[in-house]
4 protein chains.
Amino acid sequence: MTSDGLSSLCPSRWVRRKDARPSELMEAALALFSEKGFAATRMEDIAQKAGVTKGTTYRYFASKEDLFCEIIKTDIEPRLQELLSLSESAPNMPVLGLLAQIAHHWRITVLETRSSAIMKLMIAEGGNFPDVANYYETKVLIPITQYLESLIRTGIARGEIREVDPQDATHLLMSPMVYAVVKKHCFSDVFQIDYKQYINTMLDIMTEGLKKPVEPQPLPTEGNTP
Amino acid sequence: MTSDGLSSLCPSRWVRRKDARPSELMEAALALFSEKGFAATRMEDIAQKAGVTKGTTYRYFASKEDLFCEIIKTDIEPRLQELLSLSESAPNMPVLGLLAQIAHHWRITVLETRSSAIMKLMIAEGGNFPDVANYYETKVLIPITQYLESLIRTGIARGEIREVDPQDATHLLMSPMVYAVVKKHCFSDVFQIDYKQYINTMLDIMTEGLKKPVEPQPLPTEGNTP
Amino acid sequence: MTSDGLSSLCPSRWVRRKDARPSELMEAALALFSEKGFAATRMEDIAQKAGVTKGTTYRYFASKEDLFCEIIKTDIEPRLQELLSLSESAPNMPVLGLLAQIAHHWRITVLETRSSAIMKLMIAEGGNFPDVANYYETKVLIPITQYLESLIRTGIARGEIREVDPQDATHLLMSPMVYAVVKKHCFSDVFQIDYKQYINTMLDIMTEGLKKPVEPQPLPTEGNTP
Amino acid sequence: MTSDGLSSLCPSRWVRRKDARPSELMEAALALFSEKGFAATRMEDIAQKAGVTKGTTYRYFASKEDLFCEIIKTDIEPRLQELLSLSESAPNMPVLGLLAQIAHHWRITVLETRSSAIMKLMIAEGGNFPDVANYYETKVLIPITQYLESLIRTGIARGEIREVDPQDATHLLMSPMVYAVVKKHCFSDVFQIDYKQYINTMLDIMTEGLKKPVEPQPLPTEGNTP
DNA sequence: AATGAATGAGACTTCATTCAT
DNA sequence: TATGAATGAAGTCTCATTCAT
């Protein structure tokens with residue numbers, strides 16, 4: 001009111017946006033942490049990117065480390081909910097079909113969103129945040145691993161999947177995910193990946209590699225692969 | 001073994017560590033960088049771990065960053081040589097067999113050595129060292145990727161491999177490597193991996209998933225792609 | 001006594017704290033300044049202790065320093081009035097008796113009230129507030145010192161007190177006061193002091209040490225104290 | 001050697017004085033802490049006063065607080081030794097004489113040296129350093145208090161001192177010390193004190209006030225204190 | 001009049017790097 | 001060549017103060 005001329009010059013100063021600040025700050029911080037690493041990111045950069053000043057950051061997060069942890073935890077909770085609902089929504093679907101569904105869901109909700117940056121962050125900085133790394137492992141990695149492994153075992157039991165080592169097969173299923181995240185965040189985009197196609201190819205090959213051949217030589221009566 | 005008899009004859013020769021220093025320092029630095037990250041590692045820690053004092057480090061490396069770069073480059077050169085010799089040593093071997101050989105060779109020379117730490121370092125810190133990251137991509141990632149891709153194309157051309165997208169298949173082949181490194185260096189060892197078995201399972205599944213089925217309509221008449 | 005009957009008739013009158021605020025804030029601030037020191041006390045702590053928020057404090061005091069100064073000055077004025085009335089109320093009383101009266105009056109109005117905290121504050125923080133320290137010296141210390149010194153001189157002139165150095169004796173009279181304040185505010189209460197008894201003992205010893213021996217009644221010739 | 005012209009301009013830079021630094025820093029810090037208070041003293045000021053730069057300070061003291069504590073403790077130890085030796089060196093000397101000796105010794109070794117600043121520091125800042133304050137009380141105040149009290153009791157038992165409350169009398173003996181320190185460090189020198197004379201006057205008055213009258217005219221008639 | 005979010009100067013502390021010994 | 005004391009730039013965090021609501 002004092003002078004619109006001035007206010008248009010510095011529009012955002014002294015604007016009170018209590019509710020929006022935390023997520024804005026976390027968004028800014030995630031981008032910078034993921035890009036430059038935790039240590040190389042200055043609080044002032046984060047604040048600036050979020051459109052506030054240094055001090056404001058500390059109204060919402062007790063420390064840089066706290067900010068880091070909040071980012072991780074805030075993102076993880078919804079992811080966990082999804083995992084649960086997915087695993088329940090699929091009663092007796094063929095295992096390999098379910099795996100395909102999971103892979104694409106992960107692609108859409110993680111790989112193609114900023115959540116992938118969280119994963120990169122954990123990979124790159126986990127060592128310096130034992131608590132968060134432990135939390136991440138306990139709440140995310142281990143449950144997912146165990147869930148996938150149980151799927152594989154089910155598939156083997158049902159005769160859908162060959163008799164492979166379930167643990168190694170699980171790791172193998174997860175590796176394209178990790179690879180995609182690393183590729184996306186750590187190196188230049190010399191080989192641009194079409195994620196959808198990439199996941200499809202991966203599913204094609206994995207399915208082919210895992211599926212049990214349809215009992216090639218049973219009785220001379222019927223022919224397979226109709 | 002460092003024979004006191006000899007050392008008393010020619011003491012300075014065995015006492016001076018001049019030649020060993022750089023590699024000792026790089027060894028120490030690699031361990032710390034990989035464990036705690038570049039920024040969180042102090043020059044003094046490195047020096048201490050190498051058994052010298054801070055100042056000495058600067059006799060061999062102009063700066064912390066220089067030390068980082070030297071570590072990467074020093075390790076990369078021999079790796080590149082191996083890659084070349086491997087690719088040449090395999091004239092007409094079946095592609096899938098060659099891939100298996102490469103995988104185990106990588107396991108033995110990278111995954112199970114400290115070279116895996118280099119890879120982790122590049123993943124975690126590459127963003128802050130564009131020069132090194134670029135060097136790493138240009139000299140390591142891209143050549144390997146292209147080499148593998150050419151193998152896949154060859155395999156397809158020869159009829160050994162199904163008609164999959166060669167680029168995606170290449171990424172898929174590399175992903176278990178990246179995954180293993182991340183697993184080894186970034187998270188606790190809840191699921192201890194037996195690397196040899198892991199690679200074998202991976203090769204089993206990949207081979208099965210990639211190989212061209214032996215012509216489903218086995219009429220006695222003609223032979224395939226001679 | 002603040003009659004609920006009345007307050008229901010005229011609520012706003014009793015609800016608004018405007019008039020009480022400054023003293024509440026000063027009270028809170030004095031307690032914290034005295035306990036933790038000026039610098040270590042945050043405006044927010046003061047506000048909280050007074051039951052308001054940070055911003056409110058600035059409606060009543062221009063700055064933290066201003067608040068400090070107001071505390072001192074507000075407390076000093078009434079003290080000065082008392083000093084004056086005391087010194088006037090005692091026309092020709094024996095000096096040592098007057099000193100005893102002053103000592104107990106000081107005990108009751110200063111040592112045993114929060115005013116002692118003011119004195120501690122001046123001792124501890126005076127150096128950083130030259131204006132206030134100067135004010136305190138000019139308005140409090142010097143007048144009291146001079147008043148006491150004049151009493152001593154009177155006592156000597158009247159033959160009630162031995163011929164001691166009046167300045168040193170004055171300091172000596174004041175020292176138990178300073179000591180008591182320091183003891184009360186700066187150290188734990190290992191030796192709990194009964195202030196009344198402490199002052200009495202002090203008066204006993206001082207009186208005995210200062211009083212002129214009753215002229216060992218030599219010859220009946222001349223009479224002192226006519 | 002590079003250029004005497006320059007070196008005379010900045011004579012003290014890059015001078016290595018490992019052994020002298022700690023005491024120089026403590027000296028500088030004590031002066032500033034005592035003058036401006038702990039909080040208002042910047043590490044850089046201390047460093048500058050000691051002729052070094054900010055960072056150097058941290059080679060010798062882990063933190064500002066650590067520096068504070070070291071100052072106190074370093075000064076206290078020798079003082080304690082003195083106290084012990086004094087108390088032992090006085091076999092059967094009259095108590096009041098011993099007190100006089102102690103008072104002057106304290107004047108010379110504490111009041112008239114920088115040790116008095118330590119005492120002022122404890123008075124002003126003790127509240128923020130519970131550990132040190134506790135140490136100071138335990139090692140200094142309480143032993144001294146107890147020692148003096150035991151002297152008073154001895155004096156009373158021997159008939160040298162009147163039957164006063166020993167605790168209050170002890171406090172009274174200590175109060176001129178505290179007063180002198182406060183006077184010296186907390187206020188301007190309006191009334192310059194000649195410490196030697198001040199202590200003498202104090203001893204005169206105290207002695208007179210404490211001593212047992214020489215058995216009022218022991219005429220052969222009646223016996224006192226039956 | 002009261003609130004409390006936002007500001008920004010300033011202090012402590014760290015640590016890569018320099019350099020006298 | 002090796003040492004480690006000294007330097008000083010830079011970053012985190014605090015908190016007195018401001019001001020839109």
Side-chain angles (χ1 to χ4, degrees), chain A residues 1-2 7 12-21 39-47 51-67, chain B residues 12 15-18 21 39-47 51-67, chain C residues 15-18 21 39-47 51-67, chain D residues 1-2 7 12-19 21 39-47 51-67:
Chain A
M1 202 45 79
T2 40
S7 69
S12 62
R13 290 220 314 177
W14 278 107
V15 171
R16 293 157 72 108
R17 312 192 47 233
K18 188 188 176 185
D19 296 337
R21 292 285 187 235
T41 300
R42 289 153 60 242
M43 283 301 260
E44 194 152 13
D45 295 336
I46 297 171
V52 297
T53 56
K54 225 179 348 174
T56 301
T57 310
Y58 288 89
R59 176 160 292 281
Y60 299 99
F61 302 95
S63 67
K64 195 178 166 185
E65 188 160 336
D66 181 55
L67 176 50
Chain B
S12 70
V15 168
R16 78 195 180 96
R17 308 298 310 281
K18 189 184 163 193
R21 281 281 149 73
T41 299
R42 290 151 62 232
M43 285 299 262
E44 192 152 16
D45 295 336
I46 296 170
V52 297
T53 55
K54 227 181 343 179
T56 303
T57 310
Y58 287 87
R59 295 218 149 265
Y60 300 99
F61 303 95
S63 69
K64 194 180 171 186
E65 189 159 337
D66 181 55
L67 176 50
Chain C
V15 167
R16 79 195 181 97
R17 309 299 310 282
K18 189 185 164 193
R21 281 282 149 72
T41 299
R42 289 152 61 231
M43 284 300 262
E44 192 153 15
D45 295 336
I46 297 171
V52 297
T53 54
K54 226 178 346 176
T56 302
T57 310
Y58 287 87
R59 296 217 148 266
Y60 300 99
F61 302 95
S63 69
K64 195 179 169 186
E65 189 159 335
D66 180 56
L67 176 50
Chain D
M1 201 49 76
T2 40
S7 69
S12 62
R13 290 221 313 177
W14 278 107
V15 171
R16 293 157 71 108
R17 312 192 45 233
K18 187 188 175 186
D19 296 338
R21 292 286 187 235
T41 300
R42 287 154 60 243
M43 284 301 261
E44 193 152 15
D45 296 335
I46 297 171
V52 296
T53 56
K54 227 178 343 174
T56 300
T57 310
Y58 288 88
R59 176 159 292 282
Y60 299 99
F61 303 94
S63 67
K64 196 177 165 186
E65 188 160 336
D66 181 55
L67 176 50

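So that the names make sense, note that chain A is the first sequence line, chain B the second, and so on, each numbered from 1.
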What's the [atom1]-[atom2] distance between [X] and [N], to the nearest Å?
X	N	atom1	atom2	value
Y58(B)	dC19(E)	OH	P	13 Å
E65(A)	dC13(F)	CD	C1'	14 Å
R17(A)	dA20(F)	CZ	P	17 Å
Y60(C)	dT3(E)	OH	C1'	13 Å
I46(C)	dT17(F)	CD1	C1'	13 Å
R59(C)	dT17(F)	CZ	C1'	14 Å
D66(B)	dT17(E)	CG	C1'	13 Å
F61(A)	dT12(F)	CZ	P	15 Å

5'-most by nearest nucleotide on DNA chain F - A39(C) or E44(A):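 Going by which nucleotide is closer to the 5' end, it is E44(A).
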Contact nearer the 5' end of DNA chain F, comparing R16(D) with K54(A):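 With R16(D) and K54(A) compared, the 5'-side residue is R16(D).
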State the [atom1]-[atom2] distance between [X] and [Y], to the nearest 0.5 angstrom.
X	Y	atom1	atom2	answer
E44(D)	K54(D)	CD	NZ	4.5 Å
D66(A)	Y58(A)	CG	OH	10.5 Å
T56(C)	M43(C)	OG1	CE	10.5 Å
D19(D)	R21(D)	CG	CZ	10.5 Å

Nucleotide opposite dT21(F) in a Watson-Crick or G-U pair, distances under 3.5 Å: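 dA2(E) - that is the nucleotide pairing with dT21(F), both distances being under 3.5 Å.
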Residue matched to dT7(E) through Watson-Crick or wobble contacts both under 3.5 angstrom: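 Across all strands, the one nucleotide that pairs with dT7(E) is dA16(F).
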5′-ward residue of the pair K18(A)/A62(B) relative to DNA chain E: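 Upstream on the strand: K18(A).
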Can you identify which nucleotide, out of [options], has its nearest atom closest to the [X] side chain?
X	options	value
M43(D)	dC13(F), dA16(F), dC12(E)	dC12(E)
R42(A)	dT12(F), dT18(E), dA5(E)	dT12(F)
T53(C)	dG4(F), dT13(E), dT3(E)	dT3(E)
W14(A)	dA5(F), dC19(F), dT17(E)	dC19(F)
T56(D)	dT7(F), dC15(E), dA6(E)	dT7(F)

Minimum heavy-atom distance between T57(A) and A47(A), given as atom pair plus value: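 Closest approach of T57(A) to A47(A), heavy atoms only: OG1-CB, 3.6 Å.
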Touch class at under 4.0 angstrom, heavy-atom based, for T41(D) against every strand present: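 Since only primed, P, OP1 and OP2 atoms lie under 4.0 Å of T41(D), the category is sugar-phosphate.
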hbond_proxy R21(D) side chain to dA5(F) base (donor-acceptor, 3.5 Å cutoff):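 Looking at the base of dA5(F), it does not pair with any donor or acceptor on the side chain of R21(D) (distance under 3.5 Å).
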